[in-house]
Structure formats: C-alpha cells, structure tokens
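Just below is one structure, and these are the notes that go with it.
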Amino acid sequence: MATAPMNRAAYPYQFDKEIAKMVYGKYADHPKEFDKIAKIANFPAGRTYTEAEISPLGGLRAMSEGEAITYDVPVEGHKKSITTVKFGLGFQRTEEMSADELFSMSDKMSSSLSRSAIVCVEQNFWNLFNNGFSSTLGWDGKPVFASNHVTLKSGETINNCGAADLTQTSLEAAFEYFDGLVDEAGIKLSITPDILLIPYKLKWVANELLKATGRIWDYSDRTKGLVDESGSKYAPGNGPLLNTVNPSNGIVDSWTIFASKYLTDDDAWFLISKEHDARFYWKKKPTMSSTTDFDTDNELYKLVLRFSVAIFDYKAMYGSPGA
C-alpha cells in the first residue's frame, strides 16, 4: 500500500534549530531467541516441501516348533506439505528531506526495518508454540499438542497435551509422557526431554522446580501458604519429601529452562527434547535494497525476506496450555 514519502512538511521537527537533540532508539534490542531452539535450514528447491512417514515393522512373534515365519509390513502415511511466506516493508523520503534535515533521523529508518525483520522472524517461529494447541498442525493433521494422536501401525493413542499449570505434579506427568513414548509401530522410544520452554512470567516457578531439593507446592498461587505434609507445615522446597523433578535427586535427567518473551500465554509451558521438530526454513534472508525514483527523485528503501516455519513430528514435545 502506497504511503506518502517522508518530507519536510510532514516532519517539521527535523528542521527545527531550537531542538538540541532528537532521540531515537536509545534502548538495546532484545537478543534473538528463535535460533536457540529452532532447527534452522534452507528451504529446498521448489515451491513446496513435502514429507511423509513410513512406520517400522512390529514386534517379533513367538513361534512354535515347525511354524512358518510371520511376514510383517510397514504402514505409510502422515504426508504434509509446507510453503514459504514473503514479508516486506519499506519507506521513502524526498530528496529535499534527505539533504536538509538536521538530525539525520531518516537515515536510521533502515535500521528500524532490520529490527522489524527480527521481530517478524521471532513471532512467526514462536507462534508454532503459541498456536500449538489449535492451528499449528503436525503431519497427522491434528494440533501438535493433542490428546488424540494415533500411531500409524499399532493404532495406539498418544497424548502429549497436558491441562494443568506448571507444578511439580504436572511436570512429573510431562516426564512420564516421554518415559512411555512409542513409535508408529508401538515399539518403545528413547527420547529424553531436556528443555522446559516457558513464558517469562513462569521463570520464578520454573527455577524453584529445577533447584529446590524439597517438594514444591502443587498449586498455581504461590501465596496460599505452606506445604502441608502429615499435619506439619513446611516452606515450599524445604519439606521432608523430595522434589522429584530436581535432576540432582536422581529421578529425572538434567534439564534446563528457556524463557521466551514471544510466548504469549502466561500459563502455557512445554517440555521438549533436543530431538524436537520445530523447524525454521530460510528461502530468502533479510535483504535491504534502495533506488531513486526517476520522476520525483524520491529515495525508496525496502527490506524483504521469505521463510517457512513448521512442525511435522509431534513426539519429542509435550505442552500444556495451563489449567
């Protein structure tokens, strides 16, 4: 959509000699987050990228003397295709604006485009999780976090979606999900979760779950009082029972916390493995270009990028939208 270029009439402060200083962007930008979690690759050649899955064979059968061998077959399915999306933004300024302004603020709009590009990438990647209970679909056509995934060959239901706030009990359930995980033929998998992915408002509870040695409270409101165990009250984390999700107690493997400012639900949380399938594909990295309009001498600047985000396999991820 066309907008008027930056010009002297629209920005009079840029030519006001009584203004001693023009302030722009004095705060540091938030560091990138998506590249700490995303599986990043270049989008393959072509307009679309498609994957499908074929199951392993099933388990061995017991055989009696002289019995013929049983021949098994795999099952194929879970076909999913993705495409890329192009994003862009630009600005323009008149030749007079460029030549006459006192503070060179229009020169800084290029850096503003770069900042907007970073935010665009972050928001789109983290929306894989923000929308993971609704519109982000796995290759089985169901939301990535759902209670009704079904394996291709064995027909078993897999539930990787909780329904509770982040507590010791709900996190135990998430670890148990990985302990019982099977592949498409119903064979046990060995996938170890190691990242608790949370919105920044849950970092206080998450750190106590990670580091407290005693049992943590199992309610979402931290102000409701002490943990009651057999009539005795203890400060949360100091009771006689173990905090089972603290790796130092030897019940679960080591895990870390990643708090994202781009997760939009303050109650949602995710336990994932390094084998997770949250992907980011570059088709065109942020590219800045400029030109001068022949008729008006206006200076035009634009930034465009093109990418795709997707999750195909849901198994190495467990999520809860909260209670």
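Here the structure is a predicted model, which means the values were calculated and not measured.
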Tell me which donor-acceptor pairs under 3.5 Å the side chains of residues 192-203 have, and how far apart each pair is, sequence neighbours excluded?
from: D194; atom 1: OD1; to: K274; atom 2: N; distance (Å): 3.3
from: D194; atom 1: OD2; to: K274; atom 2: NZ; distance (Å): 2.8
from: K201; atom 1: NZ; to: D266; atom 2: OD2; distance (Å): 3.4

Mind listing the side-chain donor-acceptor pairs of residues 303-310 below 3.5 Å, one per line with the distance, residues two or more places apart or on another chain?
from: R306; atom 1: NE; to: T84; atom 2: OG1; distance (Å): 2.7
from: R306; atom 1: NH2; to: T84; atom 2: OG1; distance (Å): 3.2
from: S308; atom 1: OG; to: T83; atom 2: O; distance (Å): 2.9

Pairs under 3.5 angstrom only: tabulate donor-acceptor contacts from the side chains of residues 315-323 to other protein residues two or more places apart or in another chain.
from: K315; atom 1: NZ; to: E184; atom 2: OE2; distance (Å): 2.2
from: S320; atom 1: OG; to: A164; atom 2: N; distance (Å): 3.1
from: S320; atom 1: OG; to: A164; atom 2: O; distance (Å): 2.7
from: S320; atom 1: OG; to: G322; atom 2: N; distance (Å): 3.2

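Applying the under-4.5 Å side-chain rule to Ile, Leu, Val, Met, Phe, Trp and Tyr, the cluster around Y71 extends to M63, I69. Cluster partners of V75, by chain and number: L152. The rule joins Ile, Leu, Val, Met, Phe, Trp and Tyr whenever side-chain heavy atoms lie under 4.5 Å apart.
Counting only distance, with no hydrogens or angles, the side chain of Q92 and the backbone of N298 share no donor-acceptor pair below 3.5 Å.
Under the 3.5 Å distance criterion, with hydrogens and angles disregarded, no donor-acceptor pair is assigned to the side chains of N159 and H149.
Evaluation of the side-chain contact (heavy atoms from CB on, under 4.5 Å) rule for S248 yields N246 as partners, not counting sequence neighbours. When the side-chain contact (heavy atoms from CB on, under 4.5 Å) test is applied to I40, the partners found at least two apart in sequence or on another chain are F34, D35, A38, F280, W282. Remark: V182 engages T151, E156, I158, K188 in a side-chain contact (heavy atoms from CB on, under 4.5 Å) (not counting sequence neighbours). With sequence neighbours left out, Y49 forms a ring pair (Phe, Tyr, Trp, His ring centres under 6.0 Å) with Y281. Residues passing the ring pair (Phe, Tyr, Trp, His ring centres under 6.0 Å) test with F125, sequence neighbours excluded: none.
One distance of note links CH2 of W139 with OG of S81; it measures 12.5 Å at 0.5 Å rounding.
Note on residues 52-61: pairs passing salt bridge (charged side-chain N to carboxylate O under 4.0 Å, His left out), not counting sequence neighbours, are R61-D72. Annotation: salt bridge (charged side-chain N to carboxylate O under 4.0 Å, His left out) contacts involving residues 280-297, sequence neighbours excluded, are absent.
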